[in-house]
Structure formats: C-alpha cells, structure tokens
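Keep in mind that this is a model prediction, so the values were computed, not measured. Along the sequence shown, residues carry numbers from 1.
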Amino acid sequence: MRILFVTSALPSHFFAMAPFGWAARAAGHAVRVATPPGLAAAVARSGLPTVAVGEEVDFAAGYRGRRPGASADPKRMFAAVAEAMVADLVELARSWRAELLVWEPTSFAGPVAAAALGVPSLRYLWGPDIVGRGTGGRDRLPEAVRALFDRYADGLAGVPEWTTVDPCPPSVQLPTSGPWRHVRYVPHSTASRVEPAALRPPDRPRVLVTLGMSVTDLVGPRAFLPPLVVRALADEDVETLVALPAGQAAALTDAGPLPANVRTITDCPLPALLADAAVVVHHGGAGTLLSAVNAGVPQLVLAQMPDLAFYGDRVAGTGAALRLDADVTGSAIRDAVAALRADDGPAGAGHRAAAARLRAEALRQPTPAQLATELLDPATQHEESFA
C-alpha cells in the first residue's frame with residue numbers, strides 16, 4: 001500500500017505520527033510524508049521520505065500577530081496553511097498513486113486530497129482532541145476548508161467518514177464518537193544526543209524542567225519560565241534538571257547565576273531524563289505530557305496558551321498532574337512540586353499513584369506495529385478498517 005502522511009505547521013504534530021509511519025514502512029508499505037517547506041528538515045530527520053509541498057506560511061508570526069482580543073482559535077491560520085499546500089499535495093498524491101492518507105488534525109489539506117483522489121484517510125491525533133472535540137471533527141472544519149472540499153472534490157457531504165487514531169489513554173481523552181482506534185504513544189523528537197551525565201541516577205529527588213521551544217516561538221520571551229522555576233526550587237532538597245534546546249541555554253542564565261541544585265542539559269531526548277524523575281515541570285505540550293504519562297511521572301503543567309491549558313486540565317483530571325495558570329508565582333510552583341512529590345492522601349489516592357495507574361493504562365494500548373497490522377495488512381483488513 002502507498003501511504004501518504006500529511007503534516008502542517010508545527011513539528012510536534014508530526015512527531016506523534018512518525019512511529020506509525022515507521023511501523024507501516026517496516027511492514028512493507030511505501031511511505032511518504034508531505035509537509036510545508038519550513039518543516040521539511042525536521043520531518044526528514046525522522047528517517048521517513050519527505051516531500052515539501054506548497055508555499056511557506058509563517059505560522060508563528062501569524063500567531064504572535066493576532067489582534068488583541070481576537071479569538072484564541074488558530075484554525076483560520078491552519079486553514080491558510082492548507083490553502084498554501086493543497087494544490088501541490090493533490091498533485092503529489094495523484095502522481096504517486098497514494099492509496100491512503102494519514103493526517104494530523106490541523107493538516108486540513110490531507111482529507112481534501114484524499115477526497116480528491118477518492119481514497120480513505122486516517123486522522124492521527126497528537127494528544128487530547130482539542131480540534132475535533134472527541135468526534136471526527138467534520139462539523140468543526142473552518143469554512144475555508146469546506147471551500148477546499150468544494151473546489152477539489154464534490155464537497156464534504158459525500159466524503160466517507162474517516163477513522164481517528166488516538167495516542168491518548170482513554171481517561172485523558174474527551175468522550176469519543178465515530179470510528180476510533182487507540183494506539184500507544186511512542187515518543188519522538190529531533191533531539192538525539194544523550195550525555196552520559198543524563199543517565200547517572202540523581203542522589204536526591206530529581207525535578208525535571210522542560211518548557212518547550214515552540215511555545216517561546218509562538219508566545220514570546222514571557223513564556224520562557226525556567227528561570228522562575230529554578231529559583232522557586234533553589235532551597236528545596238531536590239536536583240533541578242533543566243532540559244533545553246541548545247539555542248535557549250544562554251537565556252537561562254541571563255537573570256544571574258543559577259542556584260547550586262540546578263543542572264542543565266541540552267538537546268537530550270526526553271525519555272532518557274524522565275526515567276529517574278520524581279516530578280516533571282513542563283509547558284503542557286502533548287508530546288511532553290504523553291511522554292511523562294508513559295514514564296509514570298507526576299506532572300506540573302505551567303500552560304502559557306489556551307490549548308496547553310486544555311491538555312493540562314485533561315491529565316490533571318486523572319490525578320496524575322496539577323496545572324497552574326500563566327501568571328504563576330514562584331511560591332505556587334514550589335508548593336505544587338511539593339504536593340506532587342508527597343505520598344498524599346490515603347493509600348493509592350496520591351498523585352504518584354495516579355501517575356502509575358495512568359502509565360499502566362497507556363501501556364495497555366496497542367503498539368503502532370500492532371495497529372499497522374490491524375489497519376493495513378491485507379490478510380486482516382475488512383471494510384470497517386477505515387470507517
């Protein structure tokens with residue numbers, strides 16, 4: 001089978017799909033990934049064949065430049081990305097003779113191209129379904145995207161319902177309807193360097209701090225909270241390990257020398273650091289959130305954007321996390337980390353116990369390889385595989 005993956009404006013949205021692409025390729029299927037030009041380098045580092053399509057749209061600049069008081073819903077900007085890439089995407093899908101399109105929920109050009117070719121498609125989530133709100137999302141498509149269905153197909157009404165593939169544990173996801181498949185989340189990112197020091201177990205409880213480069217790109221410097229976090233924990237009996245992209249390391253020390261209990265590490269894959277963490281403090285990005293779920297680590301979410309607050313609230317609802325508002329104070333961070341570290345409440349009722357239960361739920365989901373066999377193997381396929 002020829003499978004064309006489609007991603008849109010943010011690399012983290014693609015990262016969730018990459019393991020399914022690896023599984024499909026390992027099972028003998030032909031795989032390509034279509035992406036806007038600005039994401040091509042990051043996507044290609046997954047090892048999957050990558051094709052840049054369409055004109056580049058500066059999504060980050062568009063997000064930062066929204067009018068004060070304008071809707072926080074960025075779907076119009078994702079629709080603009082779809083408009084910029086759809087013509088080339090349809091041409092690529094047709095010339096390559098794609099038989100299945102797999103697209104993340106903001107890659108609106110994906111289902112349009114599938115409709116233009118008359119082939120099935122899979123909507124592949126990266127976390128809690130903020131776009132479709134637990135449905136296939138058809139009723140929540142922007143009008144500009146509906147117009148693309150009119151232009152390239154015979155409208156949306158005749159398009160078969162697509163299947164959603166969901167890497168969230170069910171208790172973190174919204175109530176769902178329509179064709180739905182769960183899959184185990186497998187972490188992936190462009191970070192690839194593991195320093196030996198990262199593998200050395202800490203001599204006291206480790207608080208891992210990782211607050212997302214893309215959030216700073218979208219929101220601006222005010223979203224860079226590691227300096228506040230490390231100083232809030234300066235007098236605590238913990239090792240504060242701050243994981244950063246190399247380009248942000250200098251920003252951590254701009255406010256002065258770091259406390260004695262702080263270590264920094266750059267460009268290291270998150271799972272290597274989570275293994276020995278007692279608590280992880282992060283921005284609420286779905287990839288970080290689900291990686292922490294897989295590791296069974298209690299989480300403190302410091303959300304700087306509405307969608308990240310939504311993700312944080314979903315995992316906090318399980319008891320495995322706490323979420324604080326964007327105007328957080330150092331004392332609130334210190335108290336929240338202490339609560340997450342504590343064996344609070346009756347036996348089995350604390351945050352650490354909730355994180356362990358959530359990890360067990362996550363690891364019960366089928367692997368990407370198992371899902372690829374279920375959905376893509378001709379020996380096991382049936383008409384309901386994509387519907």
Side-chain angles (χ1 to χ4, degrees), residues 10-19 22 42-43 45-47 125-128 167-169 172 183-202 205-217 223-226 229-230 238-249 251-252 262-304 308 311-312 314-315 320-321 323 337 340 352 355-356 358-359 362-363 365 367-368:
L10 299 174
S12 58
H13 293 183
F14 165 73
F15 292 161
M17 294 195 299
W22 302 332
V43 170
R45 288 180 66 180
S46 70
L125 302 184
W126 62 79
C168 270
V172 175
V183 67
R184 186 183 305 176
Y185 179 75
V186 175
H188 168 62
S189 75
T190 55
S192 58
R193 185 180 62 187
V194 181
E195 299 176 11
L199 304 178
R200 186 174 62 246
R206 171 177 289 172
V207 177
L208 176 61
V209 181
T210 175
L211 288 161
M213 181 170 63
S214 61
V215 175
T216 307
D217 290 342
F224 187 68
L225 295 181
V229 176
V230 300
V238 298
E239 176 201 76
T240 304
L241 180 63
V242 185
L244 294 166
Q248 288 188 341
L252 183 61
V262 174
R263 286 202 304 125
T264 62
I265 194 163
T266 58
D267 294 336
C268 183
L270 190 59
L273 305 176
L274 282 166
D276 292 309
V279 174
V280 58
V281 182
H282 65 92
H283 58 299
T288 304
L289 185 150
L290 292 178
S291 294
V293 166
N294 279 10
V297 179
Q299 308 178 42
L300 174 59
V301 176
L302 306 179
Q304 299 289 295
L308 305 185
Y311 304 152
R314 294 304 305 172
V315 74
R323 184 182 73 80
V337 168
L340 290 166
R352 288 162 61 185
L358 190 56
R359 176 180 186 271
L363 298 184
Q365 309 310 312
T367 66

Taking distance alone, no hydrogens or angles, what donor-acceptor pairs closer than 3.5 Å link side-chain atoms of residues 265-280 to residues at least two apart or in another chain?
unit_1: Thr266; atom_1: OG1; unit_2: Arg193; atom_2: NH2; d: 2.7
unit_1: Asp267; atom_1: OD1; unit_2: Ala246; atom_2: N; d: 3.2

Identify every side-chain donor-acceptor pair in residues 285-292 under 3.5 Å, counting partners at least two apart or on other chains, and give the distances.
unit_1: Ser291; atom_1: OG; unit_2: Gly287; atom_2: O; d: 2.8

Would Val207 and Val229 count as a side chain to side chain contact (heavy atoms under 4.5 Å, CB included) here? Give the steps. CA-CA 10 Å; Val207 177; Val229 176; 5.6 Å; no
Mind running side chain to side chain contact (heavy atoms under 4.5 Å, CB included) on Leu308 and Val301 for me, showing each step along the way? CA-CA 8 Å; Leu308 305 185; Val301 176; 5.7 Å; no
Side chain to side chain contact (heavy atoms under 4.5 Å, CB included) for Leu211 and His283? Distances and angles first, verdict last. CA-CA 5 Å; Leu211 288 161; His283 58 299; 4.1 Å; yes
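Note: His13 and Trp126 have parallel aromatic rings, judged against thresholds of 30 and 60 degrees for the angle between ring planes.
No side-chain heavy atom of Pro11 sits under 4.5 Å from any side-chain heavy atom of Val43. In this structure, Gln304 and Leu225 have side chains that are in contact, with non-hydrogen atoms separated by less than 4.5 Å. Under the 4.5 Å side-chain criterion, counting only non-hydrogen atoms from C-beta, Ser46 is in contact with Trp22.
Residues satisfying the salt bridge (charged side-chain N to carboxylate O under 4.0 Å, His left out) test with Arg323, not counting sequence neighbours, are Asp313, Asp325.
In this structure, Arg359 contributes its side chain and Asn294 its backbone to a donor-acceptor pair below 3.5 Å.
Distance check, rounded to the nearest 0.5 Å: CG of Leu10 to CZ of Phe15 gives 10.0 Å.
Considering all non-hydrogen atoms of both residues, Arg263 and Arg206 come closest at NH2-NH2, 3.3 Å. Across all their heavy atoms, Leu358 and Val172 have their closest contact at CD1-CG2, 3.8 Å. The two atoms that bring Gly284 and His282 nearest to each other are N-ND1, 3.0 Å, heavy atoms only.
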